Number of protein chains: 2
Amino acid sequence: MAIRPAEQLIHKAAWLYYAHGLRQDEVASQLNISRASVAMYLRKARETGIVNISTSTQLFTDDVMARRLEDAFKLDAVWIAPENAYLADPSTDIAVLAASVFLELVRKGDRIGVAWGRTVYTIADIMSYADLQDVTVVQLCGNLGAPYSYRPDQCTMEIARRLNAKGLNFYAPLVLSTEELAQGLRAEPVIRDQLAGVADCDLALYSVGAVDADSHLVKCGALAPAEMAALREEGAAGVIAGQIIDAKGEALDCSYNRRVISAELASLRAIEKRLMVVQEDSKFEPLLSAIAGGLCTHLVIGAHMAARLLERAGEAGKKAS
Amino acid sequence: MAIRPAEQLIHKAAWLYYAHGLRQDEVASQLNISRASVAMYLRKARETGIVNISTSTQLFTDDVMARRLEDAFKLDAVWIAPENAYLADPSTDIAVLAASVFLELVRKGDRIGVAWGRTVYTIADIMSYADLQDVTVVQLCGNLGAPYSYRPDQCTMEIARRLNAKGLNFYAPLVLSTEELAQGLRAEPVIRDQLAGVADCDLALYSVGAVDADSHLVKCGALAPAEMAALREEGAAGVIAGQIIDAKGEALDCSYNRRVISAELASLRAIEKRLMVVQEDSKFEPLLSAIAGGLCTHLVIGAHMAARLLERAGEAGKKAS
DNA sequence: CACGGCTCTCGACAAAAGTCAAATTTGGAT
DNA sequence: ATCCAAATTTGACTTTTGTCGAGAGCCGTG
């Protein structure tokens, strides 16, 4: 990558402004350009991750509830967005927090697995830019040819773009019509390698889906509402990376799952840091299942959800004693 | 550390402003305080490291010269501050760069060894704040009761303060008058433990001193100008963490060194990342010695010094071939 | 070589952020 | 209970920053 003169200028301006603490007009005269240009360069510097502005997420883990949740569910870290106080839209708050937490968890050289869904895409969308060139973002599951902008490959690419990282998409459909075809495709070297590579990730980012007619799987046409209802009868409790899980967080033994092209749950569990973000209160049961299945080590949720989880943990504790 | 309501407010303000991108007046109305207070809180947030603003130091490593230096001297990374262009005071530029590089190299949970000198103190002084509570900053060498503000313990403490980290000073003089006393003091459990702990550091920050009458060792009275001159005759080539090294970067076999309380060079070499920062051009020979002795893996220097180093490397190469 | 289409740059204005002294609250000591 | 000192908060003011449309420079093309 040749260093463009423009990029050089952006870098110099950012350096003088942010590192040396000069004012914009001082920077301008140093570089012999107008102050307006300096302002523009600085915006670009922020947008390309040449400068990083991050706020500590301590406040949200330094919470009694968060600590109790960590203990109760054996999680590495929990962040709770206080739903009530701050903003008009509470779900944005969760996404903003999740994005910050995500950036805090990423390390240079990491390999990051990203699933898909509205939540993940929202996070990608508000995530600030960073300059992590040696990071690789890999797609955890096949694509859905949906009219939504939060397609699996979109989520992966957008996050890669934000981080200035390399994006590794994979071009297979999420669901095929026969088990044989799915099996065959999974055996394809290109696909197989990528699926195998999932276990080498250092960090995963996903949410959990609900098993109802509102699920993306239904909206995108992967499953008919009736099929979904039937799966629910069979014990479907949630959706992770396009796969149906049961209440224990194991893959449900069903035709649909056998027709899916996605990272195996075992591979996901092999990832050291599994960051799960849940926005909707309605995903309470699915989340419980995901936690039960050990699919999550780091959790970002809203205060209400946190309270419900603790309540449940309390009940379980009572029953046990 | 109990969470003060004030600290909570600072955190909230910082969150709304930096993470959500609200304006100060919006934050003010959200929190029911005046905008002026918000501005103050935000300054505090920056000063306490609740928000981190960092600029990439890529530009300074992405240099042809830097690459060639890395190759020629087998260094992990080299940063070169372009002396000419930017600012009135070029040495400030090196210090600012060094501070950024330093912050980039620190990881959570790290143990950091810090030596002393004008250079190190300058870096500490302009370093921005960070919130790294689980970091420990340890002092690499004994104290000098000098009237200077860049005493070893000052350097350590200041850097610890900036990082919100724990500072581990050690209270022994840098030089004693007899070898016996030095030996005895080194055997003291408190001192011994701390010296032994140096090898466990993940990162070291130091500069190298010149062997002349301007040296701190002379200015602070540890050595008389005449003694210094004598040591020079005996092969002294530089000063590292209060110790005299020869041209090969080994500790010089002399009475002075035996009377010093400081981390052994072997312990320093055991540290994974050894960040050396050199501001003055006059430290060319000392720097060469330090590099020869493997006392530095990461290097921050000015453009002029870089050119001289490369020139020397070229000569050496020619001689070899 | 003249022409659009393109990006980059600048000046001027509007918006936002920083600052300071005065006013208010807080906490402790008497 | 009352006072005082220290810290916090505020409104008013100044400085700094963001933005936008106009104009300048650049390049490939007809």
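In this text, all values refer to a predicted model and were calculated from it rather than measured experimentally. In what follows, chains carry the letters A, B, and so on, assigned in the order in which the sequence lines appear, proteins first and then strands, with residues in each chain numbered from 1.
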* Partner set under side chain to side chain donor-acceptor pair (under 3.5 Å) for A:Asp110, not counting sequence neighbours ->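 Checked A:Asp110 against side chain to side chain donor-acceptor pair (under 3.5 Å); zero matches.
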
* Look at the side-chain N and O atoms of A:Ser34 and state whether any lies under 4.0 Å from the OP1 or OP2 oxygen of C:dC10. =>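 Yes, A:Ser34 has a side-chain N/O under 4.0 Å of OP1/OP2 on C:dC10.
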
* Asked: For C:dT9, does either OP1 or OP2 sit under 4.0 Å from a side-chain N or O belonging to A:Tyr41?
  ->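 A:Tyr41 to C:dT9 OP1/OP2: side-chain N or O found under 4.0 Å.
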
* Side-chain heavy atoms of B:Val51 within contact of B:Tyr18, under 4.5 Å ->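 Heavy-atom side-chain distance check passes, below 4.5 Å.
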
For [X] and [N], what is the distance between atoms [atom1] and [atom2] respectively, to the nearest whole Å?
X       : N      : atom1 : atom2 : value
A:Leu31 : C:dC10 : CG    : P     : 11 Å
B:Leu9  : D:dT10 : CG    : C1'   : 15 Å
B:Lys44 : C:dA17 : NZ    : C1'   : 18 Å

* Taking the six-membered ring where the residue is Trp, are the ring centres of B:Trp116 and B:Tyr206 under 6.0 Å apart? ->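 Aromatic pair excluded; centres sit 6.0 Å or further apart.
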
* Roughly how far, to the nearest 0.5 Å, is CD1 of B:Ile33 from OH of B:Tyr41? ->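 If we round to the nearest 0.5 Å, B:Tyr41:OH and B:Ile33:CD1 are 5.0 Å apart.
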
* Are any side-chain N or O atoms of B:Gln194 and backbone N or O atoms of B:Leu168, one a donor and one an acceptor, separated by less than 3.5 Å? ->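 Confirmed, B:Gln194 side chain pairs with B:Leu168 backbone.
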
* To do: Report yes or no: does B:Asn143 contribute a side-chain atom to a donor-acceptor pair with the main-chain N or O of B:Asp153 at less than 3.5 Å?
  =>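 Pair found, side chain donor or acceptor close to backbone of B:Asp153.
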
* Report, as a single string ordered 5' to 3', how protein heavy atoms within less than 4.0 Å touch nucleotides 12-27 of chain D: B base, S sugar-phosphate only, - not at all. => ----SBBB--------

